[in-house]
Amino acid sequence: MARTWTHVGRCWSNGEPFLALDGDLLPDWSGETDGHYEQLVPDLAYDLTSIPVGAGRAAVVLTDTEVADEGWLEVFRADDDAVVVLQVSGSDYPAAVAAALAQPEDAAEPGDHVTVPSGRLAFISAALDGAGVEAAPLRPESPGPLPDSGDFDERQAGAGGPLLRATAHGYRIWVQWMTRLDEDAVFARWLFVPASGDIPSQ
């Protein structure tokens, strides 16, 4: 059965990757102050789906330059606690996001598992710290309609990524790199399936 998705947040990327990690691991990531981001950059590759952070692992959402050099990462949640992050480019942005959500899930490539024992899944820029003065403040997930524009919005972009409730306590990552929807629209997708489940048949 196909999932029904609800938009719960977004993150603005200037091209840097984002990390999705357990909320308790936030103090262990110092992308800015301790140079963790600079240390990560040489290892960034399409087959890298997670990295060690503290006592756990963080999923790597490596933005796809074939989709866009910068832009929004749109975060959605399904009723089975699956989470999806979309990077979308298209002149009709809402239609492109909706079309990306409707794409078959079995086109994705399997990645690593990440655990979320605290029940809090945080999305942060890898270039910043997870906590402290060099961290962007996280925003509680905010269910709402599809975003109506992919344009830069300084008020939204200045805040941090969403902090989601994670009842599954663990996810398997599935990644689909740049995929063309039509002549004008493309997307990339990072799907977080509850660890006890898998990609369903469509």
Side-chain angles (χ1 to χ4, degrees), residues 2-3 5 7-21 31 37 39-53 57-78 80 82-114 121-127 146-147 149-152 157 161-162 164 170-195 197-202:
R3 293 184 173 97
W5 296 102
H7 188 256
V8 293
R10 63 194 329 204
C11 316
W12 179 265
S13 170
N14 290 314
E16 82 278 15
F18 269 66
L19 302 179
L21 70 168
Y37 179 55
Q39 297 166 28
L40 171 63
V41 168
D43 295 327
L44 291 174
Y46 282 164
D47 60 352
L48 180 71
T49 57
S50 76
I51 57 171
V53 175
R57 299 192 71 81
V60 177
V61 179
L62 177 61
T63 52
D64 191 331
T65 57
E66 292 190 61
V67 175
D69 291 329
E70 62 179 13
W72 292 108
L73 297 173
E74 308 290 358
V75 184
F76 293 81
R77 174 198 288 285
D80 67 346
V83 173
V84 72
V85 180
L86 295 177
Q87 181 188 12
V88 177
S89 177
S91 58
D92 187 341
Y93 190 74
V97 170
L101 285 173
Q103 293 296 298
E105 295 177 358
D106 57 9
E109 299 175 2
D112 296 333
H113 284 88
V114 292
L121 179 63
F123 289 83
I124 63 168
S125 167
L146 290 177
S149 172
D151 295 341
F152 179 78
L164 276 57
Y171 294 92
R172 177 75 179 274
I173 309 161
W174 297 80
V175 184
Q176 184 174 352
W177 297 107
M178 193 281 285
T179 302
R180 187 163 297 281
L181 292 164
D182 56 37
E183 292 183 358
D184 180 59
V186 295
F187 77 96
R189 180 180 64 203
W190 294 262
L191 176 65
F192 296 76
V193 177
D198 210 332
I199 290 184
S201 58
Q202 298 295 301

### Task
Kindly write out the residues that satisfy ring-ring contact (aromatic ring centres under 6.0 Å, His included) with Tyr171, not counting sequence neighbours, or none if the list is empty.
none
### Task
Please identify each residue that fulfils ring-ring contact (aromatic ring centres under 6.0 Å, His included) with Trp5, with sequence neighbours left out.
none
### Message
side chain to side chain contact (heavy atoms under 4.5 Å, CB included) for Leu73 and Phe123? Distances and angles first, verdict last.
### Response
CA-CA 10 Å; Leu73 297 173; Phe123 289 83; over 6 Å; no
Just so I know, are the side chains of [X] and [Y] near enough to count as touching, which here means a heavy-atom distance under 4.5 Å?
| X | Y | result |
| --- | --- | --- |
| Leu48 | Leu40 | yes |
| Leu181 | Val186 | no |
| Val75 | Val83 | yes |
| Leu101 | Glu74 | no |
| Val97 | Phe187 | no |

### Task
Report yes or no: does Arg57 contribute a side-chain atom to a donor-acceptor pair with the main-chain N or O of Ser50 at less than 3.5 Å?
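Yes, the answer is positive, given that a donor and an acceptor are paired below the 3.5 Å cut-off.
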### Query
So, Glu16 and Ser125: side-chain donor and acceptor under 3.5 Å apart, yes or no?
yes
## Note on the structure
Residue pairs passing the salt bridge (charged side-chain N to carboxylate O under 4.0 Å, His left out) test with at least one member in residues 60-73, sequence neighbours excluded, are none
What is the minimum heavy-atom distance between [X] and [Y], and which atoms define it?
| X | Y | answer |
| --- | --- | --- |
| Pro94 | Pro147 | CG-O, 3.6 Å |
| Tyr46 | Trp177 | O-CZ2, 3.3 Å |
| Ala98 | Leu146 | CB-CD1, 3.8 Å |
| Ser13 | Thr63 | OG-CG2, 3.6 Å |
| Val67 | Ser89 | O-CB, 3.4 Å |
| Leu86 | Ala100 | CD1-CB, 4.0 Å |

Let me confirm one number: the [atom1]-[atom2] distance from [X] to [Y], rounded to the nearest 0.5 Å.
| X | Y | atom1 | atom2 | result |
| --- | --- | --- | --- | --- |
| Phe76 | Phe192 | CZ | CZ | 14.0 Å |
| Leu191 | Arg3 | CG | CZ | 5.5 Å |
| Asp92 | Asp184 | CG | CG | 8.5 Å |

All side-chain hydrogen bond (donor to acceptor under 3.5 Å, both in side chains) counterparts of [X], not counting sequence neighbours:
| X | value |
| --- | --- |
| Asp151 | Ser149 |
| Arg189 | Gln176 |
| Thr49 | Asp112 |

### Message
As a quick check of understanding, evaluate side chain to side chain contact (heavy atoms under 4.5 Å, CB included) for Val61 and Gln87, giving each step before the final call.
### Response
CA-CA 10 Å; Val61 179; Gln87 181 188 12; over 6 Å; no
#### Entry: Within 45° cone of Trp174 ring axis and under 6.0 Å: Arg172 NZ or CZ
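Yes - Arg172 lies over the ring of Trp174, closer than 6.0 Å to its centre and within 45° of its axis.
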